[in-house]
**Student:** 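I am attaching a structure below and will ask some questions about it afterwards.
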Amino acid sequence: MATESGRPSNFIRDIIDNDLKAGKNQGRVHTRFPPEPNGYLHIGHAKSICLNFGLARDYGGKCNLRFDDTNPIKEELEYVESIKEDVRWLGWDWEDREFYASDYYTQLYEYAMRLVFMGVAYVCDLTADEIREYRGTLTTPGKDSPYRNRTTLENIDLFRRMRAGEFPDGAKTLRAKIDMASGNINMRDPILYRITRATHHRTGDKWCIYPMYDWAHGQSDSLEGITHSICTLEFEDHRPLYDWFIDQLGIHHPQQIEFARLNLNYTVMSKRLLLELVKENYVSGWDDPRLPTICGLRRRGFTPESIRLFADKIGVAKADSTVDIALLEACLREHLNLIAPRVMAVLRPLKVVIDNYPDGQVEELEAINNPENPDAGTRKIPFSKVIYIEQDDFREEPHKKFFRLAPGKEVRLKHAYYITCQKVVKNDKTGEVIELHCSYDPESRGGGTADNRKVEGTLHWVSAQHAVDAEVRLFDRLFIAEDPSKTEPGKDYKANLNPASLEVLSGCKVEPSLKDAPVGGKYQFLRQGYFCVDLDSKNGKVVFNRAVGLKDTWAKIEKRR
RNA sequence: UGGGGUGUCGACAAGUGGUAAGUCAGCAGCCUUUGGAGCUGCCAUUCCCAGGUUCGAAUCCUGGCACCCCAGCCA
């Protein structure tokens, strides 16, 4: 995990280094993570969170959590709670600096009034359609609103009355008077306030005018003394507007720096699409383990460390990019490999009777908990005459590279004995293999023999009479297409949903130590992958989610054939 | 046709005029009581293209090309 504390070079750190060298901001570094509470956080937000909080950590600065709650129609308390939980879970601490744009509504109103007094903001009576019309297009300039030259006195009066609730929703707006001919559309007299009678999750019905994001954001940063205001690329051409506001007001000037948002293949990251998948029940909820939401990843079995590691590894730059989801998975494996206890679990059981093993005998065999960490110690696992192995670990007619069990072949049972397959029992009708009869070598107890003979394969197993039943959920990517938005004409991203993204296995057999495994507990099922106890586990029923599989060389060999 | 950005390996991404880091993926091998992990080696004579400057260019200059974002009273 060395890279997590390492300091990868990136253009933002270069800027900060230079600022520090130049003595800007009295050497302060103060960032913020500014989510809108209108949805759950996803892995893309995690990139931004780790960037902002990570910068504060590395430069001995601070990072605020600020909710940009300027649109009461879309925002809810449920979302602010989930956001706080997720940021905390990721391992970051905003201490007492939990802020809301709505904390600044009064100040923002006063700032706006200042602009009105200065003659650079006016009340406009144009309808939404008219405003769009007057705005012009990308290639043609807009034209001035007929209300643009109202007197300052009239604007003061009108703006006060907007706030006082004298006009119906949408009847008027407050606009900055900048330049309707600007090539930058954001500068064509942007709207500062709109009239909307909606109950705000924090301010209730106190306000009937709400600031636009563009008006609130820069001033909020300024009020908080933010030095480096880091945001995504699409706000690059808003920067001149934010600068204009700050300069007009003559207040602290944060420096905005834009970076490329995270894209991941085989998934979607937009809040709108995630909301649709949740609302229309394509997934089980915001925390569906197939979703790239933070809570989905958490339920899936991801650790905060693995996500932070991922954020470090993908870096920060300005070029649009799409990161391979395999990198995210690799980060999870890297962390879980170090910390996850190894256990044995048979997902698709095949019964094996060891004919020469004494009836009724049970041995407690010692098993190492984690070869990567000797401190994890050992545990005892029961062995007996009838065990289960994985169906995939037996082949009647094996390929020469198949190192597992086959008629007449000897394999090692992990931590136990060598067994040799003597007889195959099949279902008369279907021909399906339903049971194996094997012999064991009593000299091989613990997994080795005095003659040092080689066995090609080592299998995991579970003693039948001691096994605990479990349900296991296997997840595959939610979409079959690298870029789900690329579809045939007339179809949308949902056409790319993977119909096999969830496979539920019941009747799985896991070793007895897992009987009371805690929700959220993470394990490596030997030779299979990393699994996490799902919150659906209750009254003795254990449910595991496969967070990620182990690298499977055999699967690759088999696929090539 | 306006404005703002970006182009370095299959995917991310360092590089800031001195001769292309690292990670993931892939490939080959070693090792292995997990076909896991670990270890070793290979994987960009070339940086969107074309000119130019220079002893020397991914880095500087000129001209192209491609891609992304912007016309919500969303953020």
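Letters A, B, ... mirror the listed sequences (proteins, then strands); counts begin at 1.
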**Student:** Using 4.0 Å as the upper bound for N to carboxylate O, is an ion pair formed by Glu363(A) and Arg445(A)?
**Tutor:**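 Result for this pair is yes, salt bridge flagged.
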
**Student:** Pairing check on C42(B): which nucleotide meets the Watson-Crick or G-U wobble criteria with it, both distances under 3.5 Å?
**Tutor:**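 G26(B) is the nucleotide pairing with C42(B).
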
**Student:** Rounded to the Å, how far apart are Tyr530(A) OH and G36(B) C1'?
**Tutor:** 7 Å

**Student:** Between G35(B), C12(B), C74(B), which one does the side chain of Thr553(A) approach most closely?
**Tutor:** G35(B)

**Student:** Within this structure, what is the CD-to-P distance between Glu372(A) and A37(B), rounded to whole angstrom?
**Tutor:**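 Rounding to the nearest Å, CD of Glu372(A) and P of A37(B) are 9 Å apart.
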
**Student:** Please determine whether a side-chain nitrogen or oxygen atom of Arg188(A) lies at a distance below 4.0 Å from atom OP1 or OP2 of A71(B).
**Tutor:**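 No, outside the criterion.
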
**Student:** With a cut-off of less than 4.0 Å, is there a side-chain N or O of Ser321(A) near OP1 or OP2 of A13(B)?
**Tutor:** yes

**Student:** Can you check G22(B) for me, syn or anti if syn means within 90° of 0?
**Tutor:** anti

**Student:** Nearest-Å distance, NZ (Lys559(A)) to P (C27(B))?
**Tutor:** 10 Å

**Student:** Return the nucleotide paired to G72(B): Watson-Crick means purine N1 to pyrimidine N3 with N6-O4 or O6-N4, wobble means G-U with N1-O2 and O6-N3, both under 3.5 Å.
**Tutor:** none

**Student:** Is it the case that G35(B) (base atoms only) and Asp552(A) (side chain only) share a donor and an acceptor within less than 3.5 Å, ignoring hydrogens and angles?
**Tutor:** no

**Student:** Roughly, in whole Å, what's the span from CD1 in Ile257(A) to C1' in U6(B)?
**Tutor:** 17 Å

**Student:** Could you check whether His217(A) gets within reach of a base, just the sugar-phosphate, or nothing at all, counting any heavy atom under 4.0 Å?
**Tutor:**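 No contact.
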
**Student:** If you compare every side-chain N and O of Arg132(A) against the phosphate oxygens of G72(B) (OP1, OP2), does one of them come in below 4.0 Å?
**Tutor:**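 For G72(B), OP1 or OP2 has a side-chain N or O of Arg132(A) closer than 4.0 Å.
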
**Student:** Would you say U1(B) has OP1 or OP2 under 4.0 Å from some side-chain N or O of Thr137(A)?
**Tutor:** no

**Student:** Between Glu456(A) and Lys401(A), is there a salt bridge with N-O shorter than 4.0 Å?
**Tutor:** no

**Student:** Can you check the Asp179(A) CG to G2(B) P distance for me, whole Å?
**Tutor:**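 These atoms are roughly 17 Å apart.
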
**Student:** Report yes if at least one side-chain N or O of Ser9(A) is closer than 4.0 Å to OP1 or OP2 of G15(B); otherwise report no.
**Tutor:**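 The answer is yes; a side-chain N or O of Ser9(A) sits under 4.0 Å from OP1 or OP2.
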
**Student:** Between Asn10(A) and Thr173(A), which is nearer to the 5' end of RNA chain B once each is assigned its nearest nucleotide?
**Tutor:**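 Going by which nucleotide is closer to the 5' end, it is Asn10(A).
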
**Student:** Categorize Ile131(A) for me: base, sugar-phosphate, or nothing, with a 4.0 angstrom heavy-atom threshold over every strand shown.
**Tutor:** base

**Student:** Looking at G35(B), A71(B), G3(B), which one has an atom nearest to any side-chain atom of Ile185(A)?
**Tutor:** A71(B)

**Student:** Could you tell me whether a side-chain N or O of Glu511(A) sits under 3.5 Å from a main-chain N or O of Met344(A), the two making a donor and an acceptor?
**Tutor:** yes

**Student:** Just name whichever nucleotide pairs with C47(B), Watson-Crick or G-U, keeping both distances under 3.5 Å, else none.
**Tutor:** none

**Student:** Ignoring the backbone of Arg194(A), work out which of C73(B), C27(B), A25(B) is nearest its side chain.
**Tutor:** C73(B)

**Student:** In whole angstroms, how far is the P atom of G35(B) from the NZ atom of Lys551(A)?
**Tutor:**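 Taking NZ of Lys551(A) and P of G35(B), I get 14 Å after rounding.
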
**Student:** Do the rings of Phe383(A) and Tyr417(A) sit parallel, tilted or perpendicular, given the 30° and 60° boundaries?
**Tutor:** tilted

**Student:** Give the rounded distance in Å between these two atoms: CZ of Arg13(A) and P of A14(B).
**Tutor:**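 Between P of A14(B) and CZ of Arg13(A): 12 Å.
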
**Student:** Counting side-chain heavy atoms from C-beta on, which of U16(B), G3(B), U34(B) comes nearest to Asn184(A)?
**Tutor:** G3(B)

**Student:** Nearest of G35(B), U34(B), U23(B) to any side-chain atom of Arg342(A)?
**Tutor:**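 Nearest nucleotide to the side chain: U34(B).
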
**Student:** So, are Arg13(A) and Asp58(A) salt-bridged, with charged N and O less than 4.0 Å apart?
**Tutor:**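 So Arg13(A) pairs with Asp58(A) through a salt bridge.
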
**Student:** C27(B) phosphate, OP1 or OP2: any side-chain N/O from Lys556(A) under 4.0 angstrom?
**Tutor:**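 It does, given that an N or O in the side chain of Lys556(A) lies less than 4.0 Å from OP1 or OP2 of C27(B).
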
**Student:** Take atom CD of Glu234(A) and atom P of G72(B), then tell me their distance rounded to the nearest Å.
**Tutor:** 16 Å

**Student:** Need the pair for A20(B). Rule: Watson-Crick or G-U wobble, both distances under 3.5 Å, any strand; none if unpaired.
**Tutor:**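 Base partner found: none.
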
**Student:** So what does Arg239(A) touch, heavy atoms closer than 4.0 Å: a base, only the sugar-phosphate, or nothing?
**Tutor:**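 No contact.
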
**Student:** Using a cut-off of 4.0 Å on non-hydrogen atoms, how would the nucleic acid contact of Asp68(A) be classed: base, sugar-phosphate, or nothing?
**Tutor:** sugar-phosphate

**Student:** Quick one: do Asp393(A) and Arg527(A) make a salt bridge, cutoff under 4.0 Å?
**Tutor:** yes

**Student:** State whether the distance check finds a donor on one side and an acceptor on the other, under 3.5 Å, for side chain Gln528(A) versus base U34(B).
**Tutor:** no

**Student:** Would you say Thr140(A) places a side-chain N or O within less than 4.0 Å of OP1 or OP2 belonging to U1(B)?
**Tutor:**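 Thr140(A) to U1(B) OP1/OP2: no side-chain N or O under 4.0 Å.
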
**Student:** What nucleotide, of A75(B), C73(B), U1(B), holds the atom closest to the side chain of Asn71(A)?
**Tutor:**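 Closest of the options to the side chain of Asn71(A): A75(B).
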
**Student:** Going by an N to O cut-off under 4.0 Å, is there a salt bridge joining Asp441(A) and Arg453(A)?
**Tutor:** yes

**Student:** Counting only Watson-Crick or G-U wobble pairs whose two distances fall under 3.5 Å, which nucleotide matches U34(B)?
**Tutor:**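 U34(B) is unpaired by these criteria.
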
**Student:** Any side-chain N or O of Arg66(A) below 4.0 angstrom from OP1/OP2 of A75(B)?
**Tutor:** no

**Student:** Contact class for Thr322(A) vs. all strands (heavy atom < 4.0 Å): base, sugar-phosphate, or nothing?
**Tutor:** sugar-phosphate

**Student:** Centroid separation under 6.0 Å, is that true for the rings of His238(A) and Phe235(A)?
**Tutor:**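 Distance test on ring centres: under 6.0 Å, yes.
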
**Student:** Let's see if you can work this out: which of C73(B), G35(B), C24(B) has an atom nearest to the side-chain heavy atoms of Phe402(A)?
**Tutor:** G35(B)

**Student:** Between Asp68(A) and Arg66(A), does any side-chain N to carboxylate O distance fall below 4.0 Å?
**Tutor:** yes

**Student:** Closest to the Ala330(A) side chain: U34(B), C73(B), A25(B)?
**Tutor:** A25(B)

**Student:** If the P atom of C55(B) is compared with that of A50(B), how far apart are they to the nearest Å?
**Tutor:** 23 Å

**Student:** Nearest to the Asp324(A) side chain among G36(B), A11(B), G15(B), which nucleotide is it?
**Tutor:**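 Closest nucleotide among those given: A11(B).
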
**Student:** Students often get this wrong, so: under 4.0 angstrom with heavy atoms, is Ala319(A) touching a base, only sugar-phosphate, or nothing?
**Tutor:**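 The answer is sugar-phosphate, as Ala319(A) gets under 4.0 Å only of primed atoms, P, OP1 or OP2.
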
**Student:** Within the 4.0 Å heavy-atom criterion, would you say Glu236(A) contacts the bases, only the backbone, or no part of the nucleic acid?
**Tutor:**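 Sugar-phosphate contact only - Glu236(A) comes under 4.0 Å of backbone atoms but never of a base.
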
